Every structure is written in C-alpha cells, then in structure tokens.
Q: 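Below: one structure in structure tokens.
When a ligand or atom number is given, it counts from 1 through the structure's own listing order. Note that the coordinates shown come from a computational prediction; the quantities given were computed from them, not determined experimentally.
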Amino acid sequence: MLTRLTKNLTYISRIFSQNFGIILLSLLLSNMYQLSAQNEQDEAFDQNIVSSGESLFKGNCTVCHAINEVVIGPALRDVHERQSEEWIYAFIKNSQKVIKSGDEYAVDLYNQYNQTLMTSFDFSDEELNSILTYIKSESAKEVQVAVVDNIVEGGEVSSSISSDNFYLSLGLNIFLLLLLIFILFRFTNLSKKYVILKDNQNKGKLLDDDDKEIVDSGFKINEFIKSNKVVGIASFVFIAVFVKSCIDGLYTIGIQQNYQPTQPIAFSHKIHAGQYEIDCNYCHTGVNISKSANIPAVNICMNCHGVINTDKPEIQKILTAYEENRPIEWVRVHNLPDLAYFNHSQHVAVGGIECNTCHGPIEEMDVVYQYSELTMGWCINCHRESEINSKGNDYYDKLVELHKSSSKEPLKVEDIGGLECSKCHY
Ligand code: HEC
Ligand code: HEC
Ligand code: HEC
Ligand code: HEC
Ligand code: HEC
Ligand code: HEC
C-alpha cells in the first residue's frame, strides 16, 4: 500500500520536473491571453475616430475640461451616462441656448459652476461624435490614481495598469506552482524515508528489486538545474529581457520628452498662467506673430514685480538682474535641432492650435517640462490627422471648397504639403 503511494508520488514528481518548462510556458500563455482579452475590450472603439476626437478635445476643450477632474468646467468622465447624446451635442454647440430653454439639469449645472459661460462650438455631427467617442473611450479606462479624499489626484489614466496586473498575476501563479512542487517533493521524500525504514525493519523483505529502484531514484536538484530545458528557458528569458531593454533604449536616443531642468528663478506657470490667468501672449509675445514664441525679458516681470512681493528672495533675483541690466539665464526646455524649421504663428494663429496640444497642461506646471516627443514622427502624425483651419481665410476657403468637390475627405495639412521635406528642413 505505502510502496504504491510512494511510487505514484515519485512518478508525479518526475512528470512535474520534466515538464516544468511546459507548465511555465502555458502559464505565461494563459496570462497573455487574459491580457490581450483585456486589451481587446479597451480597443472596442474605432481608433481613428477616437484619435480625431482626441485632437479636437485637446485643441478646444482641455482649457476648461479634463476627463477625471474639475478644471473650469466639470470632469467629463461618463458624461454620456448622465445625459443623452442629443443633449450633449446641443450643449456643446450652444450651451446658453440649452440653459435658456429652462432645461433643469443645465440650469443647475450652470449655477453650480458659478454661471461660467462655456464657449459655443460650431462642430459637425461627425466631429461631435468623435469627441464623445473619445470621452467614452477615456471613461472606459480605469483611473490609475486612487481617489484621495474625494479628489481625483492627477487624474492620469494609464494603460500600464493592465500590464502591471499581468506581471502580478504571472508572479503569483509561478509562486503557487513552486509551492506546489516543493510540497510534492517533501511529501515524496518523507514517504520514501518511511518505506525504507519499514523495509529495514522487515530485513529487506518488503521491497522487491523494482520497488527499490523507484525508491532510490529521486529528484536531484543539481541535475534539474543543469538540465537542458531549464538552461534553455533561463537563457531565453534573459536574452528576451536584454534585447527588449536595448530596443527601448535605442528608441529614446535623442528624445528629450519630460526634460525638466531647474530654472535660475523658481518661476511658476501654475501661479501666473493658472491661478492668475495671465495670458500666454502677455509674456510669450511672439506666438501669434513670429516663428519664435519668445521668453519674456526682465522688463515684463518688472511690470508687476516692481511692486509685488519685492521682499521675497526669488523676486530679489529679478530686481538684481534688472538693476544690473543683465538677462535672467533661463534654461531652454524645448529645442529642435537646427535642421528643422518650426513656426509658432503658423500653428497658433493660422492653424488655431492651442498651446496645450503641444505643450501640455502648462497652467498646472510649477516647473515647465517637455510634454511632447518633438520627434519628426510627432510632427508628421499630426499633419496627417489635422484638418486645416479655413475659418476667415479666403485663400484656404477656396482651397477647401475645391477639395470638397473633388473628394469626400476633409482637407488635411498633409494635402497642402505638410509632409514635404523642404517645408520643415532648410
Ligand atoms: C471656457 C471654458 C469651456 C470650454 C472651452 C469648454 N467647456 Fe464644456 N463646460 C464648461 C463649463 C463652465 C460647464 C458647466 C456648465 C456651465 O457653466 O455652462 C461645461 C459643461 C460641459 C458639459 C456638460 C457636463 C456635464 O457634467 O453634464 C459638456 C458635455 C461639455 N461641457 C463639453 C465640452 C466640450 C466637448 C468642449 C470642447 C469642444 C467644451 N466643453 C469646452 C466650460 C467650458
Ligand atoms: C508671466 C509670464 C509668463 C506667462 C503668463 C506664461 N509664461 Fe511661459 N514662460 C515664462 C518664462 C519666464 C519661461 C522660462 C522659464 C521656464 O521655463 O519656466 C517660460 C517658459 C515656457 C515654456 C518653455 C520654453 C522652453 O524653454 O522651451 C513654454 C512651453 C511656455 N512657457 C508656455 C507657456 C504657455 C502655454 C503659457 C500660457 C498658458 C505661458 N507659457 C504663460 C513666462 C510666462
Ligand atoms: C501680470 C503680473 C505678473 C507678471 C508680469 C509676473 N508676475 Fe510673478 N507673480 C505675480 C503674482 C500676482 C504672484 C503671486 C503673488 C502671491 O501670491 O504671493 C507672482 C509670484 C511670483 C513668484 C513667486 C514669489 C514667491 O516667492 O512667492 C515668482 C518667483 C515670480 N512671480 C516670478 C516672475 C517672473 C520671473 C516674471 C517674469 C517672467 C514674473 N513673475 C512676471 C504677478 C506677475
Ligand atoms: C504645433 C505645436 C505647438 C504649438 C501649438 C505651440 N508650440 Fe510652443 N513650441 C513648439 C515646438 C516644436 C517648440 C520648439 C521650437 C524650436 O526649438 O525651434 C516650441 C517652443 C516654445 C517655446 C520656447 C521658445 C521658442 O520659441 O522656441 C515657448 C515659450 C513656447 N513654445 C510657447 C508656446 C505658447 C505660449 C503657445 C500657445 C500660444 C505654443 N507654444 C504653442 C510647438 C508648439
Ligand atoms: C498638433 C498638430 C501639429 C503638430 C504637432 C505639428 N503641426 Fe505643423 N501644422 C499643423 C497644422 C494644423 C498646420 C496647418 C496650418 C494652416 O496653414 O492652416 C501645420 C502647418 C505646418 C507647416 C506649413 C505647411 C504648409 O504646407 O504650409 C509646417 C512647415 C509645419 N506645420 C511644421 C511642423 C513641424 C516642424 C512640427 C514638429 C516640430 C509640426 N509642424 C508639428 C499641425 C501640427
Ligand atoms: C512636419 C515637419 C517635417 C517634415 C515634413 C519632414 N521632417 Fe525630417 N525632421 C523633422 C524634425 C522636427 C526633425 C528633428 C527630430 C528630432 O530631433 O528628433 C527631423 C529630423 C530628420 C532627420 C534626422 C536628422 C538627425 O540628425 O537625426 C532626417 C534624416 C530627416 N528629418 C529627413 C527628412 C526627409 C527625407 C523628409 C521628407 C520625406 C522629412 N525629413 C520631412 C520634421 C520634418
């Protein structure tokens, strides 16, 4: 009876150790399957619509709205569950009309937000649909940062959650597997010891030769580690991780995204552009009229800091610079290589693109960092996706009309030569 148990246990242990690789692999696959099933769920939205909605949203709405937090207007997460599509479209087109019609929800909301006027937008139904699709797709994502005291901090939504989960559950599975194997081997060994003891007590009569062979053959940890399968799997994993980190490393060469140098004076956009709502154009005087946005000279700071907070150490630095008639040596954050040509007025004044689209939530930054990649692919992608802005521009109006009569696609920057090398390269 006991010998049979020991025999079976030994077999099971052997099967486990011989097929350890396969078990590991199937665990990995089943985890990946779960992950991809999850991703499919995330991607149930048409990516083209979502991305055009995203650029419309970032260009027009992020000044006042975020998905997960109150900015000037309400957080738009799950707004489609609060109101019907028709209502939302009507509100975006002309919120005042909806409010004046006496719609109870709209009036309450309006009062709740201190009767702040929301801008009216002259969007087509298609554009409205894409914006709402974008909002829906963002709402479907989980919020990464937990709700702290009822304030959604950061409100960043990350797609890395699912891959974190992936590693977590994979780790857990492997741990359980190892535990199981450990218990199994302990059990096998104990029962073997017991059988041998009994055999000795019976002066070797209990076990025949076959049995003895099985009881003697054991699982040897050294052989296991040195076996081809284990060495193979270990080196595969090692090489895969190594190659992945090399590739990741190569992709980031020359990209300065998130670069955030320390500035000589602790100037905060959060205070100036956010809290006091000073227009970007007040300091960056070039954005609408020239290639360069300009960094403000000391004089501009002195307009206010000649009188505001003159006793603070950081402001003292401005005063000293002013008295000594020398510029403040700000550290440049954004810097394209000399071979590329980028023009602010072309994008801001003509194209009607908001600063936030390229520079991110500057109004919330205490210290400015580079929000976008600033790679050639980044410029090109946006030129492929963005429609050109023809409002109040006779030349473009004609061009847009001509284009409309010949094709159904809206006129994109790409169609007016936005992908030609010489437009961006000297
Ligand atoms: C100038 C700031 C501003 C801009 C720009 C703005 N909104 Fe609003 N939005 C508001 C405010 C404020 C409210 C709250 C109602 C009110 O005060 O009129 C609001 C309310 C809404 C609501 C209703 C929210 C709810 O909880 O029911 C929706 C939907 C909405 N905005 C969508 C948009 C979209 C889409 C855009 C971009 C195309 C946009 N808004 C641009 C300020 C703005
Ligand atoms: C009161 C003046 C002032 C206002 C208003 C202001 N800025 Fe600035 N900005 C500065 C100064 C000074 C710097 C240089 C120091 C730094 O990088 O923080 C700067 C730097 C920047 C930079 C980084 C420049 C670089 O080195 O590449 C960007 C981008 C920028 N501002 C965007 C904006 C936007 C967008 C707004 C409006 C929402 C704005 N700024 C409003 C003064 C201002
Ligand atoms: C339009 C007026 C205005 C201009 C222009 C302006 N500031 Fe300010 N600044 C303010 C106000 C208002 C505060 C906040 C004062 C407070 O809340 O104590 C402030 C605060 C600051 C502070 C924080 C002071 C502290 O320690 O509390 C610094 C640093 C600063 N500004 C630097 C600058 C620099 C550098 C410039 C020029 C690029 C500049 N400011 C231009 C209005 C201005
Ligand atoms: C289409 C994208 C885009 C938009 C929109 C945009 N910027 Fe920029 N910005 C850039 C790029 C790219 C650079 C780097 C330019 C370079 O190195 O030649 C830059 C650089 C800057 C700088 C550093 C000084 C300079 O001119 O090189 C400031 C300040 C700045 N931007 C402010 C603004 C402000 C304020 C707005 C909105 C009124 C704005 N930007 C809108 C892409 C953009
Ligand atoms: C957020 C979208 C966006 C990004 C990012 C962007 N652009 Fe543009 N760009 C536009 C739009 C929109 C226009 C068309 C403006 C118009 O004339 O109506 C344009 C026009 C241009 C033009 C003129 C094209 C022509 O045929 O007249 C040049 C040159 C250009 N961009 C260079 C760049 C460079 C260089 C970068 C990257 C550093 C860049 N752009 C990044 C949206 C973008
Ligand atoms: C919309 C603007 C735009 C267009 C169109 C464009 N480029 Fe670029 N290109 C850039 C920017 C911006 C950079 C710098 C990117 C960086 O620093 O990562 C760049 C970088 C490059 C570089 C890399 C240089 C280096 O030092 O690494 C090459 C090569 C290049 N471009 C070739 C081309 C060719 C060929 C075309 C035409 C098929 C073209 N570009 C069209 C904006 C553009």
Side-chain angles (χ1 to χ4, degrees), residues 55 58-59 63 256 259-285 287 293-318 321 328-336 340-391 393 395-396 399-400 411-420 422-425:
S55 59
K58 292 206 167 136
V63 205
Q256 305 269 329
Y259 175 55
Q260 187 177 35
T262 317
Q263 301 290 352
I265 295 179
F267 173 82
S268 161
H269 280 80
K270 196 172 169 183
I271 295 179
H272 293 86
Q275 199 181 335
Y276 289 95
E277 296 181 11
I278 307 174
D279 188 14
C280 313
N281 203 20
Y282 182 85
C283 291
H284 300 295
T285 50
V287 271
N294 296 350
I295 297 296
V298 187
N299 282 334
I300 295 187
C301 313
M302 284 304 285
N303 289 347
C304 297
H305 288 293
V307 287
I308 297 177
N309 282 0
T310 44
D311 53 333
K312 293 269 171 74
E314 291 299 309
I315 306 298
Q316 290 287 329
K317 291 186 195 166
I318 304 177
I328 301 168
E329 293 177 8
W330 301 111
V331 183
R332 191 169 180 141
V333 184
H334 301 74
N335 201 1
L336 291 175
Y341 171 84
F342 175 83
N343 187 321
H344 268 98
S345 65
Q346 195 162 38
H347 289 87
V348 177
V350 185
I353 304 176
E354 298 287 338
C355 316
N356 294 38
T357 315
C358 300
H359 293 300
I362 293 273
E363 299 91 338
E364 292 162 21
M365 296 180 195
D366 273 321
V367 183
V368 177
Y369 62 87
Q370 181 178 323
Y371 172 81
S372 300
E373 277 182 4
L374 258 56
T375 56
M376 176 162 144
W378 173 73
C379 313
I380 299 265
N381 273 345
C382 184
H383 286 185
R384 288 212 175 102
E385 286 163 8
S386 301
E387 288 168 30
I388 65 161
N389 175 12
S390 70
K391 274 183 210 127
N393 186 323
Y395 171 72
Y396 278 152
L399 200 68
V400 170
L411 195 65
K412 300 271 165 76
V413 183
E414 134 171 64
D415 302 313
I416 58 167
L419 302 192
E420 272 166 35
S422 58
K423 290 260 167 107
C424 305
H425 292 292

Q: With heavy atoms of Ile300 as the reference, note each atom of ligand 3 found under 4.0 Å away.
A: 5 (C)
Q: Kindly assign one of parallel, tilted or perpendicular to the pair His305 and His272, based on the angle between their ring planes and the thresholds 30° and 60°.
A: perpendicular
Q: Between Ile328 and ligand 3, which residue portion shows a heavy-atom distance shorter than 4.0 Å: side chain, backbone, both, or neither?
A: neither
Q: In terms of ring plane angle, is the pair Tyr371 and Tyr369 parallel, tilted or perpendicular, where the classes change at 30° and 60°?
A: tilted
Q: Residue-level breakdown please: for His305 versus ligand 3, do any non-hydrogen atoms fall below 4.0 Å on the side chain, on the backbone, on both, or on neither?
A: side chain
Q: Among all the protein's non-hydrogen atoms, which is closest to atom 30 (C) of ligand 3, and how far away is it?
A: His272 CE1, 3.4 Å
Q: Would you say Asp279 contacts ligand 2, with heavy atoms under 4.0 Å as the rule?
A: yes
Q: Taking the minimum heavy-atom distance to atom 36 (C) of ligand 3, which of Ala297, Cys301, Ala321, Ser268 ranks first?
A: Cys301
Q: Yes or no: does Trp330 have any heavy atom under 4.0 Å from an atom of ligand 2?
A: yes
Q: Quick one: look at His269 and ligand 2, take heavy-atom pairs under 4.0 Å, and tell me if it's side chain, backbone, both or neither.
A: side chain
Q: Tyr282 heavy atoms, cut-off 4.0 Å: which ligand 3 atoms fall inside?
A: 5 (C)
Q: Output, in order, the C-alpha distance, side-chain angles, deciding distance and verdict of side chain to side chain contact (heavy atoms under 4.5 Å, CB included) for Asn303 and Tyr282.
A: CA-CA 11 Å; Asn303 289 347; Tyr282 182 85; 3.2 Å; yes
Q: Of all the atoms in ligand 5, which lie at a distance below 4.0 Å from a heavy atom belonging to Tyr341?
A: 35 (C)
Q: For ligand 5, find out whether one of its N or O atoms is nearer than 3.5 Å to an N or O atom of Ile416.
A: yes
Q: Where's the contact between Ile271 and ligand 3, heavy-atom distance under 4.0 Å: side chain, backbone, both or neither?
A: side chain
Q: Students should be able to answer this: which protein heavy-atom is nearest to atom 18 (O) of ligand 2, and at what distance?
A: Val368 CG2, 3.6 Å
Q: Which option out of Lys423, Glu385, Gln346, His347 puts a heavy atom nearest to atom 26 (O) of ligand 5?
A: Lys423
Q: At what distance is the nearest protein heavy atom to atom 4 (C) of ligand 3, and which residue and atom is it?
A: Cys304 SG, 3.3 Å
Q: Who gets closest to atom 1 (C) of ligand 5 by heavy atom: Cys424, Cys382, Ala349, Ser345?
A: Cys382
Q: Answer with yes or no after comparing the ring centroid distance for His425 and Tyr341 against a 6.0 Å cut-off, counting only values under it.
A: no
Q: Hey, are Tyr259 and Asn335 close enough side-chain-wise for a donor-acceptor pair under 3.5 Å?
A: no
Q: Quick one: look up the protein heavy atom nearest atom 40 (N) of ligand 2 and list residue, atom name and how far away it is.
A: His284 NE2, 2.8 Å
Q: Regarding Cys280, does it place an N, O or S atom less than 2.8 Å from atom 8 (Fe) of ligand 2?
A: no
Q: Is the contact between Ala266 and ligand 3 made by the side chain, the backbone, both, or neither, using heavy atoms and a 4.0 Å cut-off?
A: backbone
Q: Taking 4.0 angstrom as the limit and counting only heavy atoms of Ile318, give me the atoms of ligand 3 inside it, by number and element.
A: 32 (C), 33 (C), 34 (C), 35 (C)
Q: Given Cys379, Gly417, Gly418, identify the one with the heavy atom nearest to atom 37 (C) of ligand 5.
A: Cys379
Q: In the protein, which heavy atom is nearest to atom 35 (C) of ligand 2, and how far is it?
A: Cys355 CB, 3.4 Å
Q: I'd like to check which ligand 5 atoms, numbered from 1 as shown, lie under 4.0 Å from a non-hydrogen atom of Thr357.
A: 1 (C)
Q: Strictly under 4.0 Å, does any heavy atom of Leu374 approach an atom of ligand 5?
A: no
Q: Specify the protein heavy atom at minimum distance from atom 28 (C) of ligand 2: its residue, its atom name, and the distance to 0.1 Å.
A: Ile362 CD1, 4.0 Å
Q: Hey, which atoms in ligand 3 end up nearer than 4.0 Å to a heavy atom of Glu314?
A: 29 (C)
Q: Among all protein heavy atoms, pick out the one at the shortest distance from atom 22 (C) of ligand 3; state its residue, atom name and that distance to 0.1 Å.
A: Ile315 CD1, 3.8 Å
Q: Which part of Pro296 is near ligand 3, with near meaning a heavy atom under 4.0 Å away: side chain, backbone, both or neither?
A: side chain
Q: Given that the side chain starts at C-beta and the backbone is N, CA, C, O, which of these parts of Ile353 lies under 4.0 Å from ligand 5, counting heavy atoms, or is it both or neither?
A: side chain
Q: Does Leu336 approach ligand 5 within less than 4.0 angstrom via side chain, backbone, both or neither, non-hydrogen atoms only?
A: side chain
Q: With atom 32 (C) of ligand 5 as the reference point, say which of Lys412, His383, Glu387, Lys58 has the nearest heavy atom.
A: His383
Q: Could you tell me the residue and atom name of the protein heavy atom closest to atom 29 (C) of ligand 2, and the distance to it rounded to 0.1 Å?
A: His359 ND1, 3.3 Å
Q: Would you mind checking which non-hydrogen protein atom is closest to atom 17 (O) of ligand 2, with the distance to 0.1 Å?
A: Gln263 NE2, 3.2 Å
Q: For His284 and His344, does a side-chain donor sit closer than 3.5 Å to a side-chain acceptor?
A: no
Q: By number and element, which atoms of ligand 3 are closer than 4.0 Å to a non-hydrogen atom of Ile278?
A: 1 (C), 2 (C), 3 (C)
Q: Return the residue, atom name and 0.1 Å-rounded distance of the protein heavy atom closest to atom 27 (O) of ligand 2.
A: His334 N, 2.6 Å
Q: How close does the nearest protein non-hydrogen atom get to atom 33 (C) of ligand 3, and which residue and atom is it?
A: Phe267 CD1, 3.4 Å
Q: Could you label the plane-to-plane angle of the His383 and His347 rings as parallel, tilted or perpendicular, counting under 30° as parallel and over 60° as perpendicular?
A: parallel
Q: Decide whether an N or O pair under 3.5 Å exists between Asn309 and ligand 3.
A: yes
Q: In the protein, what heavy atom is nearest to atom 3 (C) of ligand 2, and what distance, to one decimal place, separates them?
A: Cys283 SG, 2.7 Å
